[in-house]
Amino acid sequence: MTDNSKIVQLPLDATIARTLRAGDWVRLQGALLGARDAVHRRLFEAIQQERELPVALMGETIYYVGPCPGRGEKACGSAGPTTSGRMDRYTPALLEKGLLGMIGKGKRSEAVVTAIKDRGAVYFAALGGAGAIYGTRINSIEVVAYPELGPEALFRMEVVDFPAIVAIDSRGCDLYEAGPASFRRDL
Amino acid sequence: MAIRSIAASQIENAVYQAALEANTRLPADIMHALEQAETAESSENGRKVLRLLLENARLAAEQVLPICQDTGVAIVFADVGQEVHLVDGEWESAINRGIAAAYRDGSFRCSMVADPLQRANTGDNTPALIHWQLVPGSRVTITVMPKGFGSENMSRVVMLVPSDGIAGIRSVIIETVKSAGPNACPPLIVGVGIGGTQDHAALLAKKALLRPIGVAHPGAQTALLEQQWLGEINDLGIGPGGFGGNTTALALHIETYATHIAGLPVAVQLGCHALRRSTIIVS
């Protein structure tokens with residue numbers, strides 16, 4: 001893919017995060033966490049009960065993913081994004097703990113958009129259903145916590161040349177609203 | 001017609017092959033529709049998404065990788081010829097063995113939890129969700145459709161009443177696609193089931209996803225509605241990936257069945273752009 005994507009290093013630099021704009025194509029490089037429904041519930045409960053988290057969230061980016069197992073020399077099998085909305089009820093608490101980036105697919109709740117603005121965070125959309133491509137962009141994967149959850153465990157991953165688009169930026173601008181609005185023909 | 005014996009291992013093997021193929025090779029009709037959409041789409045972001053999706057499908061086929069990491073609930077349509085007699089095994093366990101083996105050998109993600117309340121993973125993606133149909137003849141047609149839950153979660157059944165009419169059906173479809181927005185992974189294939197009962201309408205909608213893109217409903221009036229509503233969905237502007245564009249759905253298929261004088265059940269089943277299905281005939 002030849003394009004004008006910006007290369008963005010992970011973990012995110014808070015200043016750079018604020019320069020990203022909804023609609024910017026990016027290629028992400030570096031370390032992130034992989035987590036979905038079950039891990040979010042556990043992290044949220046730990047925060048509520050003031051227990052220590054299995055990983056510090058300060059400055060981290062979480063990719064909403066439940067990967068396929070790797071095969072042969074491949075670290076990771078197909079690994080596209082899952083629907084972010086299911087994480088919405090837990091997300092503001094995680095942002096409060098310093099989470100700076102999220103990668104998933106689909107719209108976020110108003111509470112999440114507000115928390116993104118408050119924290120200067122950023123929400124990237126990856127392409128749902130492009131799991132084969134994303135699997136090849138994950139160089140390493142290891143389970144950080146909750147191995148009993150299988151594909152739903154908490155992972156640490158290294159990604160390279162990982163295509164995404166800024167869906168909600170630190171000012172709260174939302175590509176999922178603005179993009180469709182400009183193509184809508186009145187019904 | 002004479003009774004034909006088919007071994008359970010033949011059914012198991014057919015399910016195995018179909019599940020491997022379905023998860024790694026996007027059907028030709030879907031590939032073709034995505035290619036056409038890439039030419040027709042006016043949004044730059046939309047075209048870029050479509051190019052990436054085509055690249056993804058080619059990569060998956062070449063390297064025998066799952067197209068999508070959500071290798072889904074294994075839905076199996078088994079059309080069993082009434083002259084068939086299964087030997088050396090049981091129907092359901094043969095199908096489940098085929099699914100378990102394919103998900104193990106294909107390195108597919110196992111996404112099934114045994115109990116929706118306790119939520120422990122079964123570890124082999126069984127049980128399959130099996131839809132049986134008795135048909136004339138002495139063949140068994142097995143179709144495996146791995147269905148991800150991004151799109152399944154956005155699907156819907158509504159019990160309309162006859163006075164809601166065509167306008168009521170239209171608004172159920174449009175509202176379902178609108179509220180799904182980007183979540184169901186557009187461009188979609190929209191399956192619509194009209195008639196029967198609540199459960200039957202849902203099955204009709206799912207079966208509508210089996211019809212190849214480009215094949216219209218045989219009834220002229222229904223075929224016209226398919227075209228009309230597809231056009232209205234594409235006017236929503238949701239576009240590929242939900243980032244805006246003219247391609248929100250690749251196709252809309254309607255299936256109908258007889259229903260009660262008091263009812264008008266409508267089901268809308270959303271298929272993502274990675275609508276996976278593979279059919280094998282055992283005879």
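Given the structure is predicted, the values throughout are model-derived calculations rather than measurements. Basis for what follows: all heavy atoms, side chains included, without hydrogens, waters or symmetry-related copies.
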| Gln69(B) side chain to Pro67(A) backbone, donor-acceptor under 3.5 Å | no
| field | Portion of Leu53(B) that has a non-hydrogen atom of chain A nearer than 4.5 angstrom | value | side chain
| task | Supply the atom-to-atom distance Ser84(A) OG to Asn183(B) CG, rounded to the nearest 0.5 angstrom. | result | 8.0 Å
| message | For Lys6(A), I'd like to know if atom NZ has over 12 heavy atoms of other residues, nucleotides or ligands within 6.0 Å. | response | yes
| Distance in Å, Leu52(B) CG paired with Tyr134(A) OH, rounded so as to fall on 0.5 Å steps | 7.0 Å
| message | Quick test of your reading: applying ring pair (Phe, Tyr, Trp, His ring centres under 6.0 Å), list the pairs with at least one residue in residues 47-82 of chain A, sequence neighbours left out, ordered by first then second residue. | response | His40(A)-Tyr64(A), Tyr63(A)-Phe162(A)
| field | Gap separating the CH2 atom of Trp25(A) from the CD atom of Glu44(B), nearest 0.5 angstrom | value | 10.0 Å
| said: So which atom in Pro182(B) and which in Tyr176(A) form the shortest heavy-atom distance, rounded to 0.1 Å? | reply: CB-CE2, 3.4 Å
| message | Please check if the number of heavy atoms outside Glu110(A) that lie under 6.0 Å from its CD is greater than 12. | response | no
| request: Look up atom NZ in Lys48(B) and atom CG in Asn4(A), then write down how far apart they are to the nearest 0.5 Å. | output: 5.5 Å
| query | Does the side chain of Thr83(A) reach to within under 4.5 Å of the side chain of Asn153(B), using non-hydrogen atoms? | reply | no
| remark: The interface call for Val64(B) against chain A, heavy-atom contacts under 4.5 Å, is both
| message | Please classify the contact between Asn23(B) and chain A as side chain, backbone, both or neither, with a heavy-atom cut-off of under 4.5 Å. | response | neither
| task | Answer with side chain, backbone, both or neither: which region of Ser42(B) has an atom nearer than 4.5 Å to a non-hydrogen atom of chain A? | result | both
| Sequence-distant partners of Glu45(A), salt bridge (Lys or Arg N to Asp or Glu O under 4.0 Å), two or more places apart | Arg41(A)
| request: Specify the closest pair of heavy atoms between Gly242(B) and Pro180(A), including all atoms of both residues, with the distance to one decimal. | output: O-CG, 3.5 Å
| Which region of Thr71(B), side chain (C-beta onward) or backbone (N, CA, C, O), has a non-hydrogen atom less than 4.5 Å from a non-hydrogen atom of chain A, or is it both or neither? | side chain
| remark: In terms of heavy-atom pairs under 4.5 Å with chain B, the winner among Ala181(A), Ser78(A), Ala167(A) is Ser78(A)
| field | chain B neighbours within residues 144-156 of chain A, where any heavy atom lies under 4.5 Å away | value | Pro151(A)
| query | Excluding sequence neighbours, so at least two apart, what forms ring pair (Phe, Tyr, Trp, His ring centres under 6.0 Å) with Phe44(A)? | reply | Tyr90(A)
| query | Looking at Gly245(B), Cys68(B), Ala60(B), Ala274(B), which has the largest count of heavy-atom pairs under 4.5 Å with chain A? | reply | Gly245(B)
| said: Donor-acceptor check, side chain of Asp70(B) to backbone of Thr82(A), threshold 3.5 angstrom: yes or no? | reply: no
| query | Do you know which of Gly66(A), Gly77(A), Ala38(A), Pro81(A) has the most heavy-atom pairs with chain B at a distance under 4.5 angstrom? | reply | Gly66(A)
| request: Please round to the nearest 0.5 Å and tell me the distance separating atom CG of Leu236(B) and atom CZ of Arg184(A). | output: 6.5 Å
| field | Spacing of Ser182(A) atom OG and Asn45(B) atom CG [to the nearest 0.5 Å] | value | 9.0 Å
| field | Minimum-distance pair of heavy atoms, taken over all atoms of Gly129(A) and Cys185(B) | value | N-SG, 4.3 Å
| Contact winner vs chain A - Asn234(B), Val49(B), Thr24(B), Asn121(B), heavy-atom pairs under 4.5 Å | Val49(B)
| request: Determine yes or no for a side-chain-to-main-chain donor-acceptor pair under 3.5 angstrom, with Asn56(B) supplying the side chain and Ile133(A) the backbone. | output: yes
| task | Determine the option with the most heavy-atom pairs under 4.5 angstrom with chain B, choosing from Gly179(A), Cys68(A), Ala79(A), Gly23(A). | result | Cys68(A)
| message | Would you say that more than 12 heavy atoms from the other residues, nucleotides or ligands in this model lie under 6.0 Å from the CD of Gln49(A), or not? | response | yes
| Does any N or O in the side chain of Ser107(B) come within less than 3.5 Å of the main-chain N or O of Arg71(A), such that one atom is a donor and the other an acceptor? | no
| request: Would you indicate whether Arg89(A), at its atom CZ, is surrounded by more than 12 heavy atoms from other residues, nucleotides or ligands within a distance under 6.0 Å? | output: no
| said: Taking side chain as everything from C-beta outward and backbone as N, CA, C, O, which of these in Phe108(B) sits under 4.5 Å from a heavy atom of chain A? Side chain, backbone, both or neither. | reply: backbone
| message | I'd like to know which of Gly106(A), Gly85(A), Gly80(A) tops the heavy-atom pair count under 4.5 Å against chain B. | response | Gly80(A)
